[in-house]
Structure formats: C-alpha cells, structure tokens
Amino acid sequence: MTRLSVEMLAADAPPPITSAGHAQLGIAVLAGIAVIVFLITKYKLHAFLSLTIGSLVLGAIAGAPLDKAITSFTAGLGSTVAGVGVLIALGAILGKMLADSGGADEIVDTILAKAGGRAMPWAMVLIASVIGLPLFFEVGIVLLIPVVLMVAKRGNYSLMRIGVPALAGLSVMHGLIPPHPGPLVAIDAVNANLGVTLALGILVAIPTVIIAGPLFSRFAARWVDVPVPDRMLPQRPSEELERRPGFGATLATVLLPVVLMLAKALVDIVVDDPANMTQRVFDIIGSPMIALLAAVLVGIFTLGLPAGFSKERIARTVDKSLMPIAGILLIVGAGGGFKQTLIDCGVGQMILDISKDWSIPALLLAWLIAVAIRLATGSATVATISAAGLVAPLAADMSTTHAALLVLAIGAGSLFFSHVNDAGFWLVKEYFGMSVGQTIKSWSVMETVISVVAGALVLLLSLVI
C-alpha cells in the first residue's frame, strides 16, 4: 500500500475508542490474546473466528462501547485486505502456475543435476529459497517434500541433512521476505518502505538460512535419524505433462517481482526526486501489485504455454489457485481488525509510554512481543500482525531503514519455536514420519535458530545503518 493511501486510511480511521488506564488496557490485551489462544488451542476454532471474538473481548474489557469496537475491527479488516488482499491473490496465482506447469520441478531438477555429495544440502536450501519466494509456506512444503524424500532415498542421504535446509529456506522466506502475507501486513502497519524492507530482508535472510539450513542440519542429523517414509512419496505435478518450461525462463519469472521491487528501492535512493520521470516510472512498475501482476502475466507465456496449457487450462489453474486462499485472506483480515482494535483502544500508545522508561531497544521489544504471541497462538502470521499493531507507534520517529528493521524484527520473532499448536509442526511431522520428540529436536529447534539468528542480525544492522 502506498504512503498516500495509508495516510488516507489513517485520516478515515475511527478515533480512540477508550481512555482506559494502562492497567486496564494491559489486562484487556492479555485477556484478548488469551481468548484467541484458548479458542485456537482448546477448541480448534478457526483463527478467523478466534481473532474476531478476541477483538471484541479486548474492546469490552478496555471499556469500549460495543459498536465502537465493531467499527474498529471492521475498519482494520477492510484496510488490511485492501492493502494485501490483491497481493496474496496474485502470489497464489503465480505459485499455482509455477507448480502445475512443472516450472518448480524444472528448477529443482536442474539444480540437483549440478549438485551432489556435500553440496546437496546447499542445493536444497537454494531450491527452497527460490521456490519459496512466490509460494505460501504450506504450499512450498507440499511441493518440495517429494523432492526431499526422493533425493534422500536415491542418494542415500540422511533425511535431516536434506530436509532441514529445504524447510529453513521456506521458513525464512515466509517470515522475512515480502510478498508473503506476514511481512506485507507488518510493512503496512508500521508504514515501512517495501523496497528497503525487501533489500534488508534478503541481507538478513542469506546468513540466517545458511546457519539454520546446511550448518544446523549436521546436528539435526545426529539427533534425529529416521528412514525415508515410502508411503509419503506422492506424484510430482510434472509427471503427467509431456513438456515443461525451461529453467532460465522459469527462474526469470519467479525473480521478476523481486527485481522490480528492488529496482524501485534503488531508484528512490539514487534519484530521490518525486518529480523525476524515471523515479515515477519505477514507483509504478516497482509497486508490489504491478510487480506481481507483471510476473503473473509473464508467467502465462513463460510457464503456462510452454507446458502446453490451453487458454481453458490456464483459466482453471487461476481459478483453483484462488479457492484455497479464502481462509488466509480472512485470517489476515481478522488479524488486521485485531490490530486496529488494539490501536484504537490506545494499547499502542500505552506501549509507547511505558517503553520510554525502559532501557530495552524498540527492535528487541518488537521481537519479544512477536515471540510471545507466536508461542501462544502457534501462527507466525497472527504473531506478525498482532505484534505489528502493538509496536506500530514506535516507528513514528524511526528512519526508513530502522522502520524496515522493525518489520524484520517482528518477522524474526514470529518464527520462534514452532510446537504442537502450529499446523506447520504437524505437517512436517507427518511428511517426515517423525515422532513428536523428533519433530521438536529438528523442526522446532531449527525455527528457533532462524528466529534468534535473524533477530540478532537485525539488531547488529541497527547499529551500523
């Protein structure tokens, strides 16, 4: 979302709905989050409904009239979906086309053909990072698991040595790099610059994924020794295709939105003149919506047509890609509603007031809040959205780079120690055929390594830029 549109939304946003004291607001926040956690974990209620109910509980305990709380929630839901809804839809279309056309398989097979032996874990982290750019985490897992299992079985590799790097690549992309939903919502909430956040996110992601992937996998392989589960070897999408797109065209399509957004950020830094025609052009083509839309349209010609897709097949692929994201859109939207309720109740200002007396850095505070919500709810996206709403006032006086680092600190915290209340935990457990204890010693520890390393790198960057 552009800065102008954010300001317009802010101008239209409802005024604070309560003037409750800090103690009452603190209790309201804890109660709201506790209700969300309880409903998700105890009753397995959908996160959309849990966030909606938790927002109303928050407003009620904070002393807000019910109609004002509802207005805040719906306003936050609407502005969040308006800001990231189209981007999530475009990302889903690109990811589905990449998978169904065999483009993802082409990237995988090409890289694996050039790798072997000790280089295989590094090849897996590279594959997962590239494919993870346009794909949601769960989709990326489903797409890459057959590759992980086949490589481990045919090459007689440890499953952890191959699987952990792939999972690390996907997870880092999910938590730190737009256009994934969590980082996009956090960027919108703290009014950060998307291009700068993307550039710094890549800078943080590279060493993080190396440490949590190929390096940590050596320890995970010692702690967890499980055979490749043959029952989990599903058919790859491209096995039913007569042909598939080329490696170069596929890679260029996947990286196109990232290149366009980074180009916009670079031009903004170098030119720094809103009236300059070059900067105005890059402001348009480098905006997230246009960048992703361009990749989707290019993908029709570089992915769909080379795979032999007819116009009808391409239309069906787009249609199928949009159906599964309804739940994601509602969760992200409800998270935005919860965030707006927090802000309108005055919780953000309360944290701003209290933190003035603390010696804890704002970036560390953001990381800790995201960690607490992640541990409680199990959802990285819910943790990112909620934490962004709580710490948004801290970004008011920050520089462009530090606002971007605030987003990354939140994203890093949102990945901390995935456990039994996280759907991703069970997905990894079942696909890899591990016990709960083995999943904790591999997947959960890997997520913690990602969170701590990325958080530490963000704090180090804040000292030098």
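Basis for what follows: all heavy atoms, side chains included, without hydrogens, waters or symmetry-related copies. Numbers here are sequence positions counted from 1.
- A side-chain donor-acceptor contact under 3.5 Å links E447 and S171.
- You'll find the side chain of S129 stays beyond 4.5 Å of the side chain of V172, heavy atoms only.
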Would you sort out whether T448 and V452 count as a side chain to side chain contact (heavy atoms under 4.5 Å, CB included), showing the intermediate values?
CA-CA 6 Å; T448 304; V452 172; 4.2 Å; yes
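- Interatomic distance, L176 CG to M173 CE, rounded to the nearest 0.5 Å: 7.5 Å.
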Which donor-acceptor pairs under 3.5 Å do side chains of residues 196-213 form with protein atoms, sequence neighbours excluded?
residue, atom, partner, partner atom, Å
T197, OG1, N193, O, 2.7
T208, OG1, V204, O, 2.7

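- Annotation: side chain of V35 is in contact with side chain of L39 (closest heavy-atom distance under 4.5 Å).
- Taking CZ from R313 and CG from D100, the interatomic distance works out to 6.0 Å, rounded to the nearest 0.5 Å.
- No more than 12 heavy atoms of other residues, nucleotides or ligands shown are found within 6.0 angstrom of CG on D397.
- Taking the side chain as every heavy atom from C-beta outward, C345 and T341 approach each other to under 4.5 Å.
- Side-chain contact check for I107 versus F247: some heavy-atom pair is nearer than 4.5 Å.
- No side-chain heavy atom of V254 sits under 4.5 Å from any side-chain heavy atom of L94.
- Side-chain contact between K264 and L260 is absent, with no heavy-atom pair separated by less than 4.5 Å.
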Residues 321-331 side chain polar contacts: donor-acceptor under 3.5 Å, at least two apart:
residue, atom, partner, partner atom, Å
S321, OG, V318, O, 2.6

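- Checked against D283 for a side chain to side chain contact (heavy atoms under 4.5 Å, CB included), the options V267, I290, D268 give a single hit: D268.
- Between S55 atom OG and D344 atom CG the span is 11.0 Å, to the nearest 0.5 Å.
- In this structure, V298 and L303 have side chains that are not in contact, with every pair of non-hydrogen atoms separated by 4.5 Å or more.
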Apply side chain to side chain contact (heavy atoms under 4.5 Å, CB included) to F416 and L375, showing your working.
CA-CA 7 Å; F416 191 87; L375 289 172; 3.9 Å; yes
